[in-house]
There are 2 protein chains.
Amino acid sequence: MNDRRTVFKTLRDLGIRLTPQRILILDILRKGNAHMGVEEVHAKARTRFPYIDIATVYRTLHLMKKIDVVTEVAIGERLHFELTHPDRKHHHMVCTCCGKAFNLAPEYLERFGEQIHRDFSFEPDVRNFTIKGKCSLCADKFEKSDSIL
Amino acid sequence: MNDRRTVFKTLRDLGIRLTPQRILILDILRKGNAHMGVEEVHAKARTRFPYIDIATVYRTLHLMKKIDVVTEVAIGERLHFELTHPDRKHHHMVCTCCGKAFNLAPEYLERFGEQIHRDFSFEPDVRNFTIKGKCSLCADKFEKSDSIL
DNA sequence: TTAGTATATGCAATTGTTCGCAACAGAATA
DNA sequence: TATTCTGTTGCGAACAATTGCATATACTAA
């Protein structure tokens, strides 16, 4: 799975160097129990490694995303990331009203993706897929005071 | 539908003012036959209205998106927009490899959205929904020279 | 252990997007 | 038509994210 050791091996096998910065960032994501913002990761990293630059955090997170070690989650406006757990994969439904995120079992999108592939031979990447919308609570609120703007 | 006159009426009814800048931007989108980037819209607008600011373009496009007059399309990294045609609505499949965009009939996502709503009482906003992935051509290319990075 | 090399980093500069604010200008009213 | 009210604009500054470049460092092979 994506425990420390396995990830390190994955990186080595791909010729990606194991720098202290990268190890630190991965450890921070592992300890953070949910998706984290870039600034959040950077702040935590600085407490142990004061000279780490935000650019390094961005570069590392994007690299890890490319090799599927972390997953990008579209929460709010800014980028958020979390470690990819193959055994508890899930997608997200984010309420654009209150910002809360709900997990979604992977089958929903997988079935959907397979259908797209069958019909168009387009291979959708459902890994980083976030559904935006309104949660039931906010939908209720809206019905009463429904200002569109 | 979304012809000039109807849009103007929609804006008035919502208390949104009809400024020359907004009219210009809408006309540019109408003439542009597909989705356009923000900078592209700004450049075109300047030829007729040299002092228009890029911030106004951004604000106008976001406003029009909120009232469903334009649709945001996630092509590449930057924001793209197109006029919403209720009679020829579609979603997009964008190839992350070659950047090409393919249209997708609306039923696919509508059925999917309805299911989500039934199962979780979460109301997904499928209006601005872009599916990223790999088109069949790029998938073929990739099989031969599959470098992951 | 050391030397050599390609990759990764920190820093500064850049790009794309948004925001705050004073001045301006639609639209409703008289 | 003149007046008033409020939404909108342009400008400059702020912010988030990315990039170029010179230096530093992880890894490989000897």
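Chain letters run A, B, ... following the sequence lines, proteins first, then strands; residues in each count from 1.
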Between side-chain atoms of residues 40-48 of chain B and protein atoms elsewhere (two or more places apart, or another chain), which donor-acceptor pairs fall under 3.5 Å?
| from | atom 1 | to | atom 2 | distance (Å) |
| --- | --- | --- | --- | --- |
| Glu40(B) | OE1 | Gly37(B) | N | 3.0 |
| His42(B) | NE2 | Ile52(B) | O | 3.0 |
| Thr47(B) | OG1 | Lys44(B) | O | 2.7 |

I'd like a table of donor-acceptor pairs (distance under 3.5 Å, sequence neighbours excluded) in which one partner is a side-chain atom from residues 104-113 of chain B, with atom names and distances.
| from | atom 1 | to | atom 2 | distance (Å) |
| --- | --- | --- | --- | --- |
| Tyr108(B) | OH | Asp119(A) | OD2 | 2.3 |

| field | Atom-pair distance (CZ on Arg78(A); P on dG16(C)), nearest Å | value | 20 Å
| message | Taking CZ in Arg78(A) as the centre, count heavy atoms belonging to other residues, nucleotides or ligands within less than 6.0 Å. Is the count above 12? | response | no
| Listed by chain and number, what are the side chain to side chain donor-acceptor pair (under 3.5 Å) partners of His92(B), not counting sequence neighbours? | His90(B)
| Toward the 5' end of DNA chain C, which comes first, Arg12(B) or Tyr58(B), by nearest nucleotide? | Tyr58(B)
| task | Using atom NZ of Lys65(A) as one end and atom C1' of dT18(D) as the other, report the distance to the nearest whole Å. | result | 14 Å
| said: Is there a side-chain contact between His62(B) and the phosphate of dT18(C), meaning an N or O under 4.0 Å from OP1 or OP2? | reply: yes
| said: Nearest whole Å is fine: how far is dA16(D) P from Leu61(A) CG? | reply: 16 Å
| task | Round to the nearest Å and state the distance from Glu40(A) atom CD to dA17(D) atom C1'. | result | 17 Å
| Whole-Å distance between dG7(D) P and Ile67(B) CD1? | 15 Å
| message | Can you list everything that forms a side chain to side chain contact (heavy atoms under 4.5 Å, CB included) with Arg17(A)? Sequence neighbours excluded, please. | response | Thr19(A), Arg22(A)
| query | With a 4.0 Å cut-off on heavy atoms, is Ile54(A) in touch with a base, just the backbone sugar-phosphate, or nothing at all? | reply | nothing
| note | Its contact letters, B for base, S for sugar-phosphate only and - for none at protein heavy atoms under 4.0 Å, make nucleotides 2-14 of chain C read ----BBSBBB---
| request: Quickly work out the Glu39(B) CD to dT17(C) P distance and round it to whole Å. | output: 9 Å
| task | Could you check how far CG of Leu24(B) sits from P of dT8(D), rounded to whole Å? | result | 17 Å
| said: Suppose we screen for side chain to side chain contact (heavy atoms under 4.5 Å, CB included). Which residues come up paired with Lys100(B), at least two apart in sequence or across chains? | reply: Cys98(B), Phe102(B)
